[in-house]
Number of protein chains: 2
Amino acid sequence: MIRLSTKGRYGTRLMVNLARHHKNSNEPTILKNVSEEEGISIRYLEQIIIPLKINRLVKSIRGAGGGYILARKPTDIKICDILYALEGSCSLVECIEDETFCEKVKTCGTYEIWKGANDLLRGYFEKMTLQDALEICEKKIADAKKKTKVK
Amino acid sequence: MIRLSTKGRYGTRLMVNLARHHKNSNEPTILKNVSEEEGISIRYLEQIIIPLKINRLVKSIRGAGGGYILARKPTDIKICDILYALEGSCSLVECIEDETFCEKVKTCGTYEIWKGANDLLRGYFEKMTLQDALEICEKKIADAKKKTKVK
DNA sequence: AATATTTCAACATAAATTTATAGGAATTAT
DNA sequence: ATAATTCCTATAAATTTATGTTGAAATATT
Ligand code: FES
Ligand code: FES
């Protein structure tokens, strides 16, 4: 019904991936690795990371031995920041950010519905940080490992 | 960040429009009127209403004097039903409904984030009915009229 | 009963946007 | 110099958004 674009999905996975490497070492992470780990083509990742760089969520280091690192600590990056960078806005329908987008805002019978949903979502994504995502992710992987061991 | 498709937006406005006419008379509503009132091309409305008909949210009456009517009372139509009919699913990311959509679900660091957001949204749209939307809409229009009168 | 009118139904197609791949230039470490 | 890596530009494929054309069904009118 409401779709998170692949840019948003892939970009967030990219950020979580960088966060995991960030925790383990100070070395820049290369997209080739991200590509293999996440199963997303390098070429596409290259395009997706541009807005993340422009919005100063990641820093790039060029040349051999280069790669990408998070620009701030995972606790200081909100999921909302990531989605905003990737999608240019952070709303369910454009008329919420741009009042001129729909001509009929004043009589539109649905504006308030979307606004309510949007506020819910925004609250959720404002509270959640990359650190939260990282912890969920690590826990999940740890649990998965346990299970296979028990087997 | 997360976009409600125009199909979803237009389709819901179409349903609210039908609901308003439904309240005022038992006559079928023709798309030409909806088109003029909502500023959406008839041709596009014709396409959008097809899934609404298939999912039995509206009934069509052909021929002169025909048009469309709601298949059920506005209190019995959830916004979620409408979005489901229009988008074929009711989730933020496909992997929530279709586990095979993302290959890496088991190690994906973002699945739980989207799941949480999705549950929030779904709860919201499950609770809200066409009747709620109708009331919000009528109130809004009444308020708008008051304001212009005062002026 | 015949005809004209109204309206939905179906199909085709065009435009715009999103998704994805490709090639090579620029930069840096070794 | 060479290899590794980001950066930039182009373009292809798929999907979404929107319009156009014709036809079929039901109804109203005569
Ligand atoms: S004002 Fe934008 S959908 Fe109604
Ligand atoms: S499992 Fe679908 S986005 Fe991660």
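Since we're looking at a predicted model, the values are computed, not measured. Here is how names work: the chains are called A, B, and so on, in the same order as the sequence lines, proteins then strands, and each is numbered from 1.
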Participant: Flag the pair Arg72(A) and Asp81(A) as a salt bridge only when some basic side-chain nitrogen lies within less than 4.0 angstrom of an acidic carboxylate oxygen.
Facilitator: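 A salt bridge links Arg72(A) with Asp81(A).
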
Participant: Under the ring pair (Phe, Tyr, Trp, His ring centres under 6.0 Å) test, which residues partner Tyr44(B), sequence neighbours left out?
Facilitator: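 Counting only residues at least two positions away or on another chain, Tyr44(B) forms a ring pair (Phe, Tyr, Trp, His ring centres under 6.0 Å) with Tyr10(B).
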
Participant: Between the side chains of Lys7(A) and Glu87(A), is the shortest nitrogen-to-carboxylate-oxygen separation below 4.0 Å, so that they form an ion pair?
Facilitator: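 No salt bridge links Glu87(A) with Lys7(A).
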
Participant: Could I get the full list of side chain to side chain donor-acceptor pair (under 3.5 Å) partners for Glu135(B), not counting sequence neighbours?
Facilitator: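 Listed in chain order: Gln131(B).
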
Participant: Which residues pass the ring pair (Phe, Tyr, Trp, His ring centres under 6.0 Å) test with Tyr111(B), sequence neighbours left out?
Facilitator: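 With sequence neighbours excluded, Tyr111(B) shows a ring pair (Phe, Tyr, Trp, His ring centres under 6.0 Å) to no residue whatsoever.
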
Participant: Only counting residues at least two apart or in another chain, list the ones meeting side-chain contact (heavy atoms from CB on, under 4.5 Å) with Glu94(B).
Facilitator: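 For Glu94(B), the residues satisfying side-chain contact (heavy atoms from CB on, under 4.5 Å) (neighbours in sequence not counted) are Phe101(B).
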
Participant: Under 4.0 Å from any atom of DNA chain C, heavy atoms only: list the residues of residues 29-38 of chain A that qualify, in numerical order.
Facilitator: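 Nucleic-acid contacts, sorted: none.
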
Participant: Applying side-chain contact (heavy atoms from CB on, under 4.5 Å), can you list everything that pairs with Ile136(B), at least two apart in sequence or on another chain?
Facilitator: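 With neighbours one apart ignored, the set is Glu112(A).
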
Participant: I'd like the 5' and 3' limits of the part of DNA chain D contacted by chain B, with heavy-atom contacts below 4.0 Å.
Facilitator: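 Taking any atom under 4.0 Å from a heavy atom of chain B, the span is dT17(D) to dT27(D).
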
Participant: Check whether any side-chain N or O of Ser35(B) sits under 3.5 Å from a backbone N or O of Leu31(B) as a donor-acceptor pair, and report yes or no.
Facilitator: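 Not confirmed, Ser35(B) side chain does not pair with Leu31(B) backbone.
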
Participant: If the condition is side-chain contact (heavy atoms from CB on, under 4.5 Å), which residues does Lys139(B) pass it with, not counting sequence neighbours?
Facilitator: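 For Lys139(B), the residues satisfying side-chain contact (heavy atoms from CB on, under 4.5 Å) (neighbours in sequence not counted) are Asp143(B).
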
Participant: Quick check on DNA chain D: between Ile50(A) and Gly67(A), whose nearest nucleotide comes earlier from the 5' end?
Facilitator: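 Between the two, 5'-proximity favours Gly67(A).
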
Participant: State whether Ser60(B) places a side-chain N or O below 4.0 Å from either non-bridging phosphate oxygen (OP1 or OP2) of dT7(C).
Facilitator: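 Looking at the OP1 and OP2 atoms of dT7(C), neither is under 4.0 Å from any side-chain N or O of Ser60(B).
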
Participant: For the atom pair OH (Tyr124(B)) and CD1 (Ile79(B)), what is the distance rounded to the nearest 0.5 Å?
Facilitator: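 Tyr124(B) atom OH to Ile79(B) atom CD1 measures 8.5 Å (nearest 0.5 Å).
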
Participant: In residues 46-66 of chain B, what donor-acceptor pairs under 3.5 Å come from side-chain atoms, sequence neighbours left out?
Facilitator:
residue	atom	partner	partner atom	Å
Asn55(B)	ND2	Pro51(B)	O	2.8

Participant: Report each atom pair, protein N/O against N/O of nucleotides 19-22 of chain C, whose distance is under 3.5 angstrom.
Facilitator:
residue	atom	partner	partner atom	Å
dT19(C)	OP1	Arg3(A)	NH2	3.3
dT19(C)	OP1	Thr6(A)	N	3.4
dT19(C)	O5'	Thr6(A)	OG1	3.4
dT21(C)	OP2	Ser41(A)	OG	3.1
dT21(C)	O4	Gln47(A)	NE2	2.3

Participant: How would you label the contact of Ile61(B) with the nucleic acid (heavy atoms, under 4.0 Å): base, sugar-phosphate, or nothing?
Facilitator: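 It contacts sugar-phosphate atoms only.
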
Participant: Just call it for Lys59(A): base, sugar-phosphate, or nothing, with non-hydrogen atoms closer than 4.0 Å on any strand.
Facilitator: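 The answer is nothing, as Lys59(A) stays clear of every strand by at least 4.0 Å.
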
Participant: Scan nucleotides 28-30 of chain C against the protein and return all N/O pairs shorter than 3.5 Å with their distances rounded to 0.1 Å.
Facilitator:
residue	atom	partner	partner atom	Å
dT28(C)	O2	Ala64(A)	N	3.0
dA29(C)	O4'	Ala64(A)	O	3.3

Participant: Restricting to side-chain contact (heavy atoms from CB on, under 4.5 Å), what partner residues turn up for Asp119(B), sequence neighbours left out?
Facilitator: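 Partners of Asp119(B) under the side-chain contact (heavy atoms from CB on, under 4.5 Å) test: Lys115(B).
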
Participant: Using a strict threshold of under 4.0 Å (side-chain N to carboxylate O), is an ion pair present between Glu38(A) and Arg20(A)?
Facilitator: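 Looking at Arg20(A) and Glu38(A), the cut-off is not met.
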
